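Since we're looking at a predicted model, the values are computed, not measured. By convention here, the first residue in the shown sequence is residue 1. The analysis underlying the following values was restricted to heavy atoms, covering all of them including side chains, and did not include hydrogens, waters or symmetry mates.
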Amino acid sequence: MQTIKYVSEEKKNNYRHYQDDLIYRRTALRSLPIFVGLGTDHSCNLTCIMCINRLTDKIKRSPIEEKYLIKFADQTFPTARILQLNTAGEPLMSKRLDLELELAERYGVRIDLITNGTLLNAKKGRLDTLVRNAFSVQFSFDSPFRKTYESIRIGADFSEVVENMRLFQKFRLGLPPAERPVFNIGMVIMKRNLHDLAQMIRFTKDMRADRLLVSYMIPHTNAMEHEALDVTGEEPNKILRDAMALAEKLNVTLCLPVSYWAAGGQVQQKKTFKYCYFLWERAYLDNNGDIFPCCEPSHPVAGSIKDTDFGEIWNGGVYRSMRASFSGGPPHTLCGTCITSGYLARCGF
């Protein structure tokens with residue numbers, strides 16, 4: 001599996017500062033983020049049943065203005081290792097995608113792509129550019145069975161996405177081993193696909209993907225409550241325990257939600273969750289030019305790149321108060337509920 005390539009001393013030095021900041025749980029950091037993410041365009045070609053953007057899909061949102069995207073890139077990309085392409089919609093539909101790829105290549109930032117997989121090869125030459133510059137590509141794929149998959153990812157074609165995964169694998173294996181991007185499959189589990197998990201592990205093995213990342217469906221509407229799992233219930237946890245055993249048998253890396261590991265008595269816990277890595281290593285930019293610290297839907301806004309330099313935002317009041325939750329200060333309300341909501345995943349233990 002690929003390791004990060006450092007292309008500049010600036011990135012190396014920033015990473016050393018990041019490690020030092022993390023060890024001492026500083027709230028004001030010497031380092032800048034090593035991971036930056038975009039939520040800059042809400043365009044999407046699917047209407048997935050669990051997507052929070054369905055709540056506001058009638059609101060017209062303009063993509064970020066190029067000048068603010070460039071300002072953000074100029075101030076964060078020189079030291080960042082990873083750029084996660086737009087997560088507000090389908091990243092391969094972003095109207096600024098060509099600019100995003102150009103800036104990433106200019107500053108030597110490796111790409112993290114989470115995609116529904118329908119548009120992977122829609123533009124000539126783009127797949128080659130993506131694979132060549134990617135650190136990780138994750139396909140959102142919730143069931144190995146056509147009927148279930150298409151009932152969740154409404155508007156997608158099962159066979160087309162599977163074929164695009166195989167095409168990506170072909171391009172990926174054409175690179176030297178050290179340069180190959182990580183191949184992930186992401187599965188959102190709910191009542192309708194919970195019993196598909198074992199077969200998804202076998203599907204992951206068949207696709208020769210590196211990992212299967214499982215997250216709980218978060219019901220953003222009352223209409224979706226009936227699909228939500230009882231995360232402390234015996235049946236879901238038995239299925240997850242059996243899945244861990246099957247994954248180990250088949251040598252498939254399976255990543256389960258943190259809330260599964262945090263639930264007492266489900267599986268012997270080898271580690272505890274003592275900090276939120278988002279707050280020391282990540283920053284996100286939205287279509288309004290606002291900076292936010294994490295991907296939890298109710299995230300606070302830390303500042304705006306339109307009228308403030310990034311460094312001031314990164315070490316401003318919002319970031320510092322949230323970091324203090326893990327440095328002996330009063331717990332931030334959002335940080336206190338994030339783990340049990342299941343937004344983060346934990347692998348291998």
Side-chain angles (χ1 to χ4, degrees), residues 1-19 21-22 29-41 64 69-70 72-88 90-92 94 96-97 99-115 126 129-140 168 172 175 178-186 209-211 213 215 253 255 275-286 291-296 299 302 305 310-311 313-314 319 343-347:
M1 190 180 295
Q2 164 194 22
T3 56
I4 293 288
K5 288 184 176 180
Y6 295 106
V7 296
S8 71
E9 284 300 315
E10 195 171 7
K11 291 184 191 294
K12 290 180 182 180
N13 289 333
N14 187 65
Y15 190 72
R16 292 189 193 102
H17 291 322
Y18 155 74
Q19 291 178 306
D21 287 335
L22 191 57
L29 310 184
R30 295 177 65 194
S31 59
L32 287 168
I34 61 173
F35 182 111
V36 289
L38 303 178
T40 48
D41 192 326
I64 191 169
L69 175 60
I70 292 171
F72 178 73
D74 287 344
Q75 295 186 5
T76 62
F77 286 17
T79 48
R81 303 164 75 204
I82 301 292
L83 167 66
Q84 186 174 72
L85 296 181
N86 176 56
T87 55
E90 166 53 43
L92 299 182
S94 171
R96 306 284 183 252
L97 180 57
L99 176 59
E100 293 161 13
L101 296 177
E102 176 192 330
L103 290 167
E105 200 156 30
R106 180 191 307 172
Y107 286 108
V109 188
R110 303 309 295 267
I111 291 168
D112 177 52
L113 172 66
I114 302 174
T115 176
R126 182 177 284 165
T129 301
L130 281 169
V131 174
R132 189 176 67 250
N133 289 285
F135 172 72
S136 172
V137 175
Q138 177 178 321
F139 290 84
S140 300
F168 165 70
R172 173 180 179 257
L175 294 173
E179 298 177 16
R180 293 171 188 167
V182 178
F183 178 11
N184 292 330
I185 297 175
D210 293 308
R211 296 183 295 187
L213 281 67
S215 59
T253 300
C255 305
Y275 79 102
C276 177
Y277 54 83
F278 282 84
L279 302 176
W280 276 266
E281 69 179 49
R282 301 192 178 201
Y284 293 82
L285 175 74
D286 73 9
I291 304 295
F292 52 100
C294 64
C295 58
E296 203 280 340
H299 57 254
I305 200 70
F310 178 80
I313 299 170
W314 181 239
Y319 266 105
Y343 277 100
L344 303 178
R346 179 178 280 174
C347 296

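Here the side chains of L113 and S136 are not in contact, with every heavy-atom distance at 4.5 Å or above. For the pair I185 and L213, the minimum side-chain heavy-atom distance is 4.5 Å or more. Using a 4.5 Å heavy-atom cutoff, the side chains of R30 and D21 are in contact. Annotation: side chain of L130 is in contact with side chain of L101 (closest heavy-atom distance under 4.5 Å). Using a 4.5 Å heavy-atom threshold, the side chains of F72 and L38 count as touching. Residues V137 and V182 form no side-chain contact, since every pair of their non-hydrogen atoms from C-beta on lies 4.5 Å or further apart. Side-chain contact check for E90 versus T115: some heavy-atom pair is nearer than 4.5 Å. The closest side-chain heavy-atom distance from L99 to I70 is below 4.5 Å.
Residues Y319 and W314 place their aromatic rings such that the two centres sit under 6.0 Å apart. When ring centroids are compared, F35 and Y277 stay outside the 6.0 Å threshold.
In this structure, the salt bridge (Lys or Arg N to Asp or Glu O under 4.0 Å) partners of R106, at least two apart in sequence or on a different chain, are E102. By the salt bridge (Lys or Arg N to Asp or Glu O under 4.0 Å) test, R16 pairs with no residue at all, sequence neighbours left out. Applying the ring pair (Phe, Tyr, Trp, His ring centres under 6.0 Å) test to F77 and every residue at least two apart in sequence or in another chain returns nothing.
In this structure, G186 and Q138 approach most closely via the heavy-atom pair CA-NE2, 3.5 Å. The nearest pair of heavy atoms linking C294 to H299 is O-ND1, 3.6 Å. In terms of heavy atoms, A80 sits closest to V109 at O-CG2, 4.0 Å. Across A134 and P181, no two heavy atoms sit closer than the pair O-CB, 3.5 Å. Closest approach of I64 to D286, counting heavy atoms only: CD1-O, 3.5 Å. Residues N14 and P33 come closest through the heavy atom pair ND2-O, 4.0 Å.
Note: D41 CG to S94 OG = 4.5 Å, rounded to the nearest 0.5 Å. Summarising the geometry, atom CD belonging to E10 is positioned 8.5 Å from atom CG belonging to L32; distances are rounded to the nearest 0.5 Å. Interatomic distance, CG of L69 versus CZ of R96, reported as 8.0 Å (0.5 Å rounding). To the nearest 0.5 Å, atom CG of residue D112 and atom CZ of residue F135 are 8.0 Å apart. Within the model, atoms OG of S31 and CG of N13 stand 11.5 Å from one another, a figure rounded to the nearest 0.5 Å. L97 contributes atom CG, which lies 9.0 Å from atom CG of N86 (distance to the nearest 0.5 angstrom).
A salt bridge between E105 and R132 is present, with a side-chain N of the basic residue lying under 4.0 Å from a carboxylate O of the acidic one. Salt bridge annotation for D210-R172: present, with a cationic side-chain nitrogen under 4.0 angstrom from a carboxylate oxygen.
Relative orientation of the F292 and Y284 rings is parallel, given thresholds of 30° and 60° on the angle between their planes.
Stacking of R81 on the aromatic ring of Y15 is recorded, both the 6.0 Å distance cut-off and the 45° axial limit being met.
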Practice item. May I have the step-by-step check of side-chain contact (heavy atoms from CB on, under 4.5 Å) for I82 and V36, ending in yes or no? Key: CA-CA 6 Å; I82 301 292; V36 289; over 6 Å; no
Check your understanding: Does the side-chain contact (heavy atoms from CB on, under 4.5 Å) test come out yes or no for R110 and L83, once each step is laid out?
Key -> CA-CA 6 Å; R110 303 309 295 267; L83 167 66; over 6 Å; no
